[in-house]
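Whatever order the structure lists ligands and atoms in, that order sets their numbers, starting from 1.
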Amino acid sequence: MTRRLYIETVGCQMNMLDSELVVASLRQRGYRLVDSPKRADTILFNTCSVRQHAEDKIYSALGRLKHAKRHHPDKVIGVIGCMAQKDQHQIFERAPYVDLVVGPGQLQQIPDLIERVTLGAGRQIEVSLGRKDGTREQISRSHESYDPLRDPTMRPTPFQAYVRIQIGCDKFCTYCIVPMVRGPEQGRPPEDILAEARILVDQGTKEITLLGQTVNSYRYTAHGKTTCLSNLLESLQEIDGLDRIKFVTNYPKDMTDDLLDAVHDLSKVSPYLHVPAQSGSNRILERMKRGYTVEDYRDMMHRIRQRVPEAAVTSDFIVGFCSETENDFKQTIDLVRECRFKNCFIFKYSERPGTKGAERMDDDVPEDVKKRRNNELLAVQNEICEEENLKFLGQTVEVLVEGPSKAARKQASSENVVEQLTGRTPSDHIAVFNGNARLVGRILPVRIYDVTPFTLFGDIVTDHVGPEVYGLELASPP
Ligand code: SF4
């Protein structure tokens with residue numbers, strides 16, 4: 001019997017990839033994806049623990065299912081991903097009608113666990129070991145990299161795909177729960193990554209984004225040979241049919257010259273670098289245990305500008321971290337003004353139980369101050385985005401066409417042959433232009449005629465077909 005699956009995903013690209021893989025493995029068992037929990041008999045929430053807000057959202061979504069479960073006790077409800085690893089049995093206490101709790105290191109077990117629930121075995125929980133529950137080897141083994149066969153129909157577009165190259169994190173920033181829920185940092189064997197990339201390209205993928213919590217710290221050692229990210233990029237460059245390679249998220253301290261040179265020299269590697277700074281104050285960076293100073297970050301930016309002058313750099317910032325003063329915040333604004341990022345993701349500090357920040361520091365910046373700082377920093381960054389985007393006016397950029405723009409999707413009409421399309425440049429700028437839906441998946445030149453802080457507007461450049469193409473002799477002027 002076909003079972004109907006509904007899955008809701010919150011969080012980062014790692015979670016999006018995990019959901020794609022979970023859905024693919026369930027489809028192999030005969031599941032069909034549906035678009036609402038009402039129509040589903042299996043409901044999964046792939047969760048995030050990075051901010052309280054993301055967790056609250058999941059608990060309220062679970063609350064809304066309480067009655068549905070009472071009336072349809074056969075519905076299987078599962079909480080998977082980071083929150084499952086963090087809260088474990090607590091999820092059953094808060095929502096006793098949940099059937100399944102599965103951490104991100106155990107996702108390969110989901111099909112069997114659901115089957116056990118449906119056969120009447122009761123609640124199922126599978127989580128990995130905590131960071132203090134064994135040797136590094138044992139803990140690493142309990143966080144398995146989940147890499148089953150890929151299913152192109154599960155991706156937003158078949159020509160773009162994520163590829164995980166690393167799991168876990170060993171940096172232990174004091175605000176971050178990731179090292180606890182995703183386990184120790186482990187690089188995937190390069191041959192597995194390359195094999196997966198080749199399969200994706202055979203399936204029609206043109207752009208691959210390599211994923212890791214600190215992707216540029218990637219290392220894999222076997223038989224006395226260590227492969228780092230720049231080596232991996234060199235091998236991926238050789239894959240015929242692959243056009244673009246991106247990688248996220250970078251750790252400032254591991255942005256080596258060697259990697260920057262690879263970004264510059266390898267034609268398929270996008271000059272796009274996401275490198276979270278988190279704060280412009282050394283005092284706060286130290287409390288965050290980020291492992292670098294503002295001077296180190298500036299030095300990295302300087303090296304990026306020298307070695308990859310065409311690079312678009314984006315960053316993350318946390319405002320209102322424990323004890324952050326107006327002066328600390330001002331230094332963050334100064335850094336943002338100085339670095340002129342392509343874009344910044346700005347977050348208000350959210351205390352996470354289980355982190356050093358929560359155990360040892362006071363979350364003492366009032367919410368209204370966090371909000372104000374967030375808005376101020378955002379306004380500064382938006383100004384920079386607009387100024388930087390103005391530089392694209394009149395330029396022709398290469399765009400990978402992703403599909404109809406948001407506006408076009410809203411007013412979708414089958415009669416429209418020409419519609420508004422959207423795509424991305426190699427530097428990850430979003431471009432919007434008119435074109436035929438058949439162009440989706442192609443890389444095209446687009447000339448930019450207008451910009452906003454977040455979007456470039458342009459026209460596809462069509463080739464001029466003149467007499468020279470046909471070898472015609474033009475009459476000489478009299
Ligand atoms: S580097 Fe820091 S912020 Fe990033 S995942 Fe690791 S602990 Fe979290």
Side-chain angles (χ1 to χ4, degrees), residues 10-18 47-55 81-83 85-86 103-105 128 130-132 136 139-140 143 145 162 164-188 209-219 228-229 247-256 259 273-282 284-294 296-297 300 313-322 324 332 344-361 363:
V10 287
C12 61
Q13 292 108 326
M14 219 35 121
N15 270 15
M16 314 248 286
L17 173 58
D18 281 339
T47 59
C48 170
S49 273
V50 168
R51 270 170 285 286
Q52 185 62 44
H53 177 66
E55 292 191 354
C82 295
M83 198 180 102
Q85 177 67 34
K86 176 177 152 283
S128 304
R131 293 295 298 239
K132 291 182 184 153
R136 185 180 170 92
I139 302 165
S140 295
H143 285 266
S145 173
Y162 293 126
R164 194 191 327 264
I165 67 166
Q166 179 197 56
I167 60 169
C169 180
D170 286 338
K171 305 288 194 265
F172 290 98
C173 303
T174 54
Y175 54 82
C176 185
I177 194 73
V178 168
M180 272 59 84
V181 293
R182 292 231 173 222
E185 184 181 311
Q186 304 179 64
R188 260 181 94 197
T209 302
L210 307 176
L211 296 184
Q213 305 296 345
T214 54
V215 71
N216 57 338
S217 321
Y218 171 83
R219 288 267 178 296
C228 59
L229 181 58
F247 53 91
V248 287
T249 290
N250 292 284
Y251 182 65
K253 267 299 232 197
D254 292 331
M255 194 58 88
T256 58
L259 175 59
L273 299 166
H274 179 62
V275 206
Q278 306 298 13
S279 174
S281 153
N282 279 335
I284 295 296
L285 286 176
E286 203 183 328
R287 301 203 88 201
M288 289 176 164
K289 200 175 156 284
R290 284 290 287 173
Y292 54 84
T293 60
V294 182
D296 294 330
Y297 195 88
M300 177 205 71
V313 184
T314 58
S315 196
D316 291 346
F317 285 91
I318 295 174
V319 294
F321 186 68
C322 312
E324 185 190 67
T332 295
C344 282
F345 300 92
I346 301 162
F347 306 98
K348 291 179 286 170
Y349 172 60
S350 168
E351 188 178 81
R352 305 288 52 227
T355 60
K356 290 274 180 293
E359 279 167 21
R360 300 183 185 170
M361 298 175 212
D363 179 11

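Contacts with ligand 1 closer than 4.0 Å are made by side-chain heavy atoms of T214 only, the backbone lying farther away.
In this structure, D363 contributes its side chain and S350 its backbone to no donor-acceptor pair below 3.5 Å.
P104 and C82 make their closest contact through CD-N, 4.0 Å (heavy atoms, listed as atom of the first residue, atom of the second, distance).
From the protein, the heavy atom lying nearest to atom 4 (Fe) of ligand 1 is R290 NH1, 4.2 Å.
Taking distances strictly below 2.8 Å, the protein N/O/S atoms close to atom 8 (Fe) of ligand 1 are C176 SG.
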Verdict with reasoning, E55 to K86, per side chain to side chain contact (heavy atoms under 4.5 Å, CB included): CA-CA 11 Å; E55 292 191 354; K86 176 177 152 283; 2.9 Å; yes

Worked check of side chain to side chain contact (heavy atoms under 4.5 Å, CB included) between Y297 and V275: CA-CA 9 Å; Y297 195 88; V275 206; 4.0 Å; yes

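Remark: R287 does not engage E324 in a salt bridge, criterion side-chain N to carboxylate O under 4.0 Å.
The ring of F247 has its center no closer than 6.0 angstrom to the ring center of H274.
Partners of D170 under the side-chain hydrogen bond (donor to acceptor under 3.5 Å, both in side chains) rule, at least two apart in sequence or in another chain, are R131, R136.
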